[in-house]
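Shown next, in structure tokens, is the structure this report addresses.
Predicted, not measured: the structure shown is a model, and the values here were computed from it. Computed from heavy atoms alone, side chains included, the values below leave out hydrogens, waters and symmetry copies.
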Amino acid sequence: MERLPWLRRLFPFVLILALLAASQVMDNYLQYIVNLVLIYVIIGIGLNFLLGFAGQFAFAHAALMGIGAYTAALLTTRVGLSFWLALPLSGVVAAVIGAGAALPAMRMRRVYLALVTLAFAQLIIWVLINWNAVTLGTDGVDLRAPYLFGWRMRGDRNTFYIVLPVTVFLYWLARRVLESHVGRAFIAIRENEIVARSNGISVAWTKTLVFALSAFYAGIGGGLYALALGFIVPDSFGLGQLTLHFSIVVLGGMLSLYGAVIGAVVLTTLPEFLRDVQALQEIIYGLVLMVVILVMPQGIVGPLKRFGILPREVLARNWRRLERRG
Amino acid sequence: MTGRPVLLEARDVTIRFGGLVAVDSVSMAIVPGEVRGLIGPNGAGKTTFFNAISGLVPLSSGLIRLGGEDITALPAHRRAAAGLRRTFQSVQLLPQQTVLENVLIGLHTSFTAPGWRDRRGREAAAQAQVEHVLAFLGIAARILTPVNRLTFAEQRLTEIARAIVSRPRVLLLDEPAAGLSPTEVEGLGELLHRLRDEWDVTILLVEHVLSLVLNRSDRVTVLENGRLIAEGCPEEVANNRAVQVAYMGVE
């Protein structure tokens with residue numbers, strides 16, 4: 001793909017059209033899986049901002065996805081708000097709470113930050129379970145599907161028509177952010193905070209921003225997840241969910257948006273292939289993850305980029321025009 | 001040198017770590033267009049003083065002025081925005097990222113500065129500035145090379161490029177000759193004068209390679225045990241009795 005620039009430019013459009021065409025002949029179950037893949041692309045991009053690009057070992061992503069899911073579900077069913085308003089709000093609410101998780105990140109790093117954010121995540125789950133009056137506890141809540149031009153957007157194919165454009169937009173937005181000074185500030189604080197400060201980057205502001213942005217993606221992903229499932233319980237957003245998020249980023253490849261996409265595809269479809277050996281699922285998950293970390297530290301995108309199958313990703317807008325000069 | 005306004009001034013700078021006085025009431029005034037060498041035996045407090053100027057170590061007492069303005073209370077990133085940039089003793093770059101990305105990080109404040117609205121124009125202008133500084137330093141062909149595939153000397157130059165791309169007023173160089181071959185050190189010496197004359201940047205240079213400091217500095221300041229023991233043009237300092245004692249143990 002590196003040698004065929006026209007193919008690279010065309011590829012996203014081809015992919016979107018192919019998905020739309022395929023959805024016309026898919027059965028509901030397959031469509032549901034495709035929806036989940038797209039949702040996990042959003043989730044994976046969100047965690048990649050934080051873990052891959054900014055190097056922050058925070059473990060609240062699944063809980064923040066839960067915040068988004070519950071915000072969307074509760075606002076549509078209990079407040080009676082339209083899903084079209086509830087979805088962006090689920091991102092905003094998660095972003096505000098996620099920015100709060102940036103506070104401990106100002107003082108601690110690595111394993112300490114991981115522990116504090118994990119405790120924070122457990123607290124959120126605890127609130128979802130025990131705040132019965134609002135969240136209905138372990139009974140879970142459902143979500144009222146939106147209307148579009150008088151059509152009730154129910155069912156997996158209609159959900160797909162909502163999830164696809166949101167995913168495409170958030171992917172595009174992520175690319176724009178990463179190819180700007182903001183994305184470069186993220187990688188600067190990952191590598192060395194002292195160097196970042198010496199280059200005029202406010203570490204506190206950058207951390208707040210990346211935690212909020214990451215949580216926004218988790219929140220939107222959660223809102224769409226609630227839409228795709230139609231019904232959610234607090235347990236969906238615990239450690240199992242978090243493991244899946246980390247697996248997507250690590251397996252796909254940190255520091256790469258392609259990585260989030262590939263990780264989401266592999267890890268959302270993998271359990272479907274392992275359906276017959278459900279007891280072995282977790283073990284196979286763990287083995288795959290261990291092998292990838294040992295053999296491909298840059299994830300699946302590592303070798304794909306080396307062999308020119310995936311293009312390079314440089315955090316600078318229109319950087320390719322510089323190639324012609326070298 | 002007299003009569004010119006002072007660009008970077010440290011006045012009675014003292015830094016204590018617990019009971020240890022690392023820098024003891026050091027004053028220094030650097031004028032625009034100067035290359036100032038800062039030398040001293042190991043443990044003299046050079047690096048601590050240097051970190052205090054760039055804002056990484058807080059002062060116990062004293063003050064620091066840049067262009068007449070008191071910057072003592074400014075955090076490091078605001079000092080960088082005010083035109084005070086530095087390099088590090090051990091090269092500090094993002095190894096997997098390209099030279100372009102690394103040097104663009106040095107232009108962060110040109111994106112956050114208010115006023116200039118056109119975002120697309122900003123990025124293009126920033127990339128043009130990177131091309132310009134890399135050409136100035138002679139590594140233009142490396143713009144899209146990942147830093148971990150550069151030679152060590154090229155990595156040094158990349159770090160200098162990041163420090164000067166924003167056209168700062170003062171450049172702090174922390175042992176830029178460390179790890180370079182004698183030929184490369186010679187090239188670095190010439191670069192110091194080109195930076196001063198062609199890039200219009202004032203330089204404060206901490207260095208262990210004495211020949212580089214004595215050949216290329218306009219003035220030299222000597223620290224020992226946290227105190228300033230000598231200051232003057234290179235010849236004066238080299239012939240200073242206290243300096244000879246501190247360096248060679250000559251009695």
Side-chain angles (χ1 to χ4, degrees), chain A residues 2 52-55 106 173 175-209 253-256 259 297-299 301-302 305-306 311-326, chain B residues 51 54-56 75-88 90-113 119-120 122-124 126-128 130-131 134-135 140-147 159 162-163 165-166 168 172 174:
Chain A
E2 199 60 0
F53 289 92
M106 306 296 171
L173 181 70
R175 194 51 88 198
R176 285 304 295 260
V177 168
L178 289 173
E179 289 183 348
S180 77
H181 66 288
V182 178
R184 296 188 290 261
F186 290 168
I187 58 169
I189 65 164
R190 177 198 62 194
E191 205 69 25
N192 190 325
E193 290 185 12
I194 287 174
V195 174
R197 287 159 63 195
S198 303
N199 282 287
I201 294 168
S202 165
V203 173
W205 166 242
T206 306
K207 279 189 181 172
T208 309
L209 191 65
M254 300 215 246
L255 274 170
S256 166
Q298 289 172 12
V301 294
K305 280 187 184 174
R306 212 167 310 133
R312 289 174 75 179
E313 289 171 282
V314 174
L315 304 187
R317 191 139 179 75
N318 294 327
W319 60 275
R320 281 180 190 278
R321 72 189 171 80
L322 297 169
E323 269 177 328
R324 286 170 230 138
R325 314 202 177 174
Chain B
N51 286 339
S54 53
L56 298 174
H77 70 273
R78 299 272 303 277
R79 292 189 198 192
L84 192 67
R85 296 293 172 125
R86 66 169 293 170
T87 63
F88 293 85
S90 57
V91 173
Q92 300 285 348
L93 296 165
L94 307 172
Q96 287 165 35
Q97 257 62 41
T98 60
V99 171
L100 172 69
E101 290 158 294
N102 274 282
V103 179
L104 277 172
I105 284 172
L107 283 168
H108 184 83
T109 54
S110 72
F111 291 95
T112 51
R119 296 203 155 263
R120 186 172 296 238
R122 255 191 256 199
E123 175 78 20
Q127 290 182 19
V130 173
E131 288 186 270
L134 294 182
R142 297 300 207 182
I143 189 160
L144 288 176
T145 308
V147 162
E159 205 193 23
R162 183 178 66 193
V165 67
S166 60
L172 309 171
D174 192 0

Item checked: Rounded distance (nearest 0.5 Å) linking atom CG of N199(A) with atom CZ of R162(B) -> 4.5 Å
Checklist line | Closest non-hydrogen atom pair between R312(A) and P146(B), with its separation | finding: NH2-CD, 4.2 Å
Next item on the list: Go through the steps to decide whether L56(B) and R197(A) satisfy the test side-chain contact (heavy atoms from CB on, under 4.5 Å), and finish with yes or no.
Entry: CA-CA 9 Å; L56(B) 298 174; R197(A) 287 159 63 195; 3.9 Å; yes
Next item on the list: Identify the residue among L100(B), V130(B), T98(B) that makes a side-chain contact (heavy atoms from CB on, under 4.5 Å) with L322(A).
Entry: L100(B)
Next item on the list: Under 4.5 Å heavy-atom distance to chain A, tell me which part of R78(B) shows up: side chain, backbone, both or neither.
Entry: neither
Next item on the list: Check G200(A) against H108(B) and note the closest heavy-atom contact, atom names and distance.
Entry: O-CD2, 3.7 Å
Notebook entry, point to check: Looking at residues at least two apart in the chain, or sitting in another chain, which of them share a salt bridge (Lys or Arg N to Asp or Glu O under 4.0 Å) with R79(B)?
Noted result: none
Note to self: For a quick test of reading the model, state the closest non-hydrogen atom pair linking Q127(B) to A316(A) and the distance between them.
What the structure shows: NE2-CB, 3.5 Å
Item checked: Min side-chain heavy-atom separation L144(B)-E323(A) under 4.5 Å -> yes
Note to self: On a heavy-atom basis, which atom in E101(B) and which in E313(A) lie closest, and how many Å separate them?
What the structure shows: OE2-O, 4.4 Å
Give every donor-acceptor pair under 3.5 Å between a side-chain atom in residues 187-196 of chain A and any protein atom, sequence neighbours left out.
residue : atom : partner : partner atom : Å
R190(A) : NH1  : G52(A)  : O            : 3.4
N192(A) : OD1  : I194(A) : N            : 3.0
N192(A) : OD1  : V195(A) : N            : 3.3
N192(A) : ND2  : Q92(B)  : OE1          : 2.9
E193(A) : OE1  : R109(A) : NH2          : 3.1
E193(A) : OE2  : K207(A) : NZ           : 2.8

Next item on the list: Sort L93(B) into side chain, backbone, both or neither according to what part of it lies under 4.5 angstrom from a heavy atom of chain A.
Entry: backbone
Check: Is E123(B) salt-bridged to R184(A), going by a charged N under 4.0 Å from an acidic O?
Finding: yes
Notebook entry, point to check: Can you tell me how far CD1 of I105(B) sits from OG of S198(A), rounded to the nearest 0.5 angstrom?
Noted result: 12.0 Å
Checklist line | Largest heavy-atom contact set with chain A, pairs under 4.5 Å, which of T109(B), L104(B), N102(B), L84(B) | finding: L104(B)
Margin query: Quick check: do Q96(B) and Q298(A) have side-chain heavy atoms less than 4.5 Å from each other?
Written below: yes
